[in-house]
Amino acid sequence: MDSHRNISEFILLGLSYDPNIQLFCFALFLFCYVSLLVGNLLILVSIRCSSLFHQPMYYFLSHLSSMDLCYTSSVTPKLIGDLLVETKSISYGNCMLQVFTIHFFGSIEVFILTAMAFDRYVAICKPLHYLIIMNKTRCNLIVLAAWAGGAVHSFPQLFMTIRLPFCGANEIDHYFCDIFPLLKVACTDTYITGVLVVANSGMVALVTFVVLFVSYVIILFTLRNHSAEGRRKALSTCGSHITVVGLFFGPSIFAYLRPPTTFPEDKVFALFYTIVAPMFNPLIYTLRNTEMKNAMRKVWCQAYFQRGHT
């Protein structure tokens, strides 16, 4: 590896050079990160400590919350800390680790969202066969496949990045290490690598989004034959899913499904899929979900009363 590079660290240029903007961003993103941690941990504990954990939709939701925590934690703490210092440096090893974790946990989240769409498709379009199709073994296999898919996606990304030679320039115009900004500072022709990244990340995002879009179109078409109450309940659940998919996939497709280059807007769009979408997931999935709200109320009220009696 040392023969391919003569730098030991990268300098992240971050979001802004203005100290006032950096201070504002520090307060904002600290609030967002704490909200994200509290919200997703509430969902995780509420599902795990209630009967909802045995329902496929909430089983997948608990894994989605876990991925939100891991995915955002690979970027946000470093971003928040860097907003308080003048020189935002990251070692070569930590940079490569960040590239891997972002793509690993991010792609698992994409596949979990796909699993949730499949669950809703079976529940609405094949209700009589739902318990047979979405049994515990199959749900475990789907989650295992999501983790395997994450590994298949992220390891090639990591290997392509590690093979890049870095000779002098080490300033990355971003707030975290990602492949496109690293391609810009590599001292070699990166066209082929860029095309491979688009073929990998871009196509994963696009194909998954198309599958999700088609599945929700079929679901909405099927709802015409349901009762008004059934339509209302299904639309409430699917509406939450569609909102999350839009927040996550819109910026992701912009970031990765395009010619391998960087734009100033990249950092703004990256905020949506690294911080904003994971922060809003708990709100989106609980505010319009009566079962989830009842489970949270029951678990936390029970914990409160047990603590009061001890």
Side-chain angles (χ1 to χ4, degrees), residues 43 46-47 50-68 106-150 203-253 257 272-273 277-278 280-296:
I43 286 182
S46 299
I47 292 176
S50 70
S51 58
L52 292 182
F53 185 68
H54 302 290
Q55 298 183 32
M57 185 178 81
Y58 297 102
Y59 175 71
F60 292 135
L61 179 56
S62 68
H63 283 279
L64 182 69
S65 292
S66 300
M67 289 306 102
D68 276 340
S107 54
I108 293 174
E109 181 161 346
V110 164
F111 298 135
I112 294 292
L113 285 170
T114 309
M116 294 175 76
F118 176 68
D119 171 73
R120 290 302 85 200
Y121 166 78
V122 176
I124 293 169
C125 301
K126 300 179 183 296
L128 297 178
H129 301 94
Y130 179 71
L131 293 177
I132 298 173
I133 297 173
M134 299 304 295
N135 58 59
K136 191 66 176 176
T137 302
R138 183 164 283 125
C139 289
N140 288 333
L141 287 174
I142 289 172
V143 171
L144 183 63
W147 280 78
M203 292 311 296
V204 165
L206 180 63
V207 171
T208 310
F209 178 75
V210 170
V211 169
L212 289 168
F213 180 78
V214 171
S215 66
Y216 283 119
V217 167
I218 295 172
I219 288 170
L220 293 174
F221 185 78
T222 306
L223 285 176
R224 296 185 310 165
N225 304 320
H226 287 235
S227 65
E229 177 62 22
R231 281 199 300 270
R232 186 197 62 77
K233 188 175 180 181
L235 284 172
S236 177
T237 305
C238 291
S240 302
H241 293 195
I242 292 169
T243 305
V244 170
V245 167
L247 276 173
F248 189 87
F249 278 91
S252 298
I253 290 173
L257 193 66
F272 276 90
Y273 58 81
F280 279 110
N281 280 359
L283 286 174
I284 291 168
Y285 281 113
T286 55
L287 288 180
R288 300 182 62 187
N289 190 316
T290 306
E291 279 185 316
M292 191 70 230
K293 285 188 286 189
N294 290 339
M296 292 177 73

A.B. asks: Within 45 degrees of the ring normal and closer than 6.0 Å to the centroid, is that where the cationic atom of K136 sits relative to F53?
C.D. replies: yes
A.B. asks: Which value, rounded to the nearest 0.5 Å, describes the distance between Q55 atom CD and L131 atom CG?
C.D. replies: 10.0 Å
A.B. asks: Let me see the working for E109 and D68 under side chain to side chain contact (heavy atoms under 4.5 Å, CB included), right down to the final yes or no.
C.D. replies: CA-CA 7 Å; E109 181 161 346; D68 276 340; 2.6 Å; yes
A.B. asks: Would you give the length of the straight line joining atom NE2 of H63 to atom CD1 of I47, rounded to the nearest 0.5 angstrom?
C.D. replies: 10.0 Å
A.B. asks: Kindly indicate whether the side chain of I142, heavy atoms from C-beta on, has any atom under 4.5 Å from the side chain of M134.
C.D. replies: yes
A.B. asks: Quick one: does L61's side chain get under 4.5 Å of M116's, heavy atoms only?
C.D. replies: yes
A.B. asks: Within this structure, what is the CZ-CZ distance for the pair F111 and F118, rounded to the nearest 0.5 Å?
C.D. replies: 15.5 Å
A.B. asks: Measuring from atom CG of L64 to atom CD1 of I108, what distance do you get when rounded to the nearest 0.5 angstrom?
C.D. replies: 11.5 Å
A.B. asks: Give a yes or no answer on whether the side chain of S65 reaches the backbone of S62 with a donor-acceptor pair at less than 3.5 Å.
C.D. replies: no
A.B. asks: When rounded to the nearest 0.5 angstrom, what is the spacing between OG in S107 and CE in M67?
C.D. replies: 10.0 Å
A.B. asks: What pairs with F60 under ring pair (Phe, Tyr, Trp, His ring centres under 6.0 Å), at least two apart in sequence or on another chain?
C.D. replies: none
A.B. asks: Kindly write out the residues that satisfy ring pair (Phe, Tyr, Trp, His ring centres under 6.0 Å) with Y130, not counting sequence neighbours, or none if the list is empty.
C.D. replies: none
A.B. asks: Could you list the donor-acceptor pairs under 3.5 angstrom formed by side chains in residues 205-221, with sequence neighbours left out?
C.D. replies:
from: T208; atom 1: OG1; to: V204; atom 2: O; distance (Å): 2.5
from: S215; atom 1: OG; to: V211; atom 2: O; distance (Å): 3.3
from: S215; atom 1: OG; to: L212; atom 2: O; distance (Å): 2.7
from: Y216; atom 1: OH; to: H241; atom 2: ND1; distance (Å): 3.1

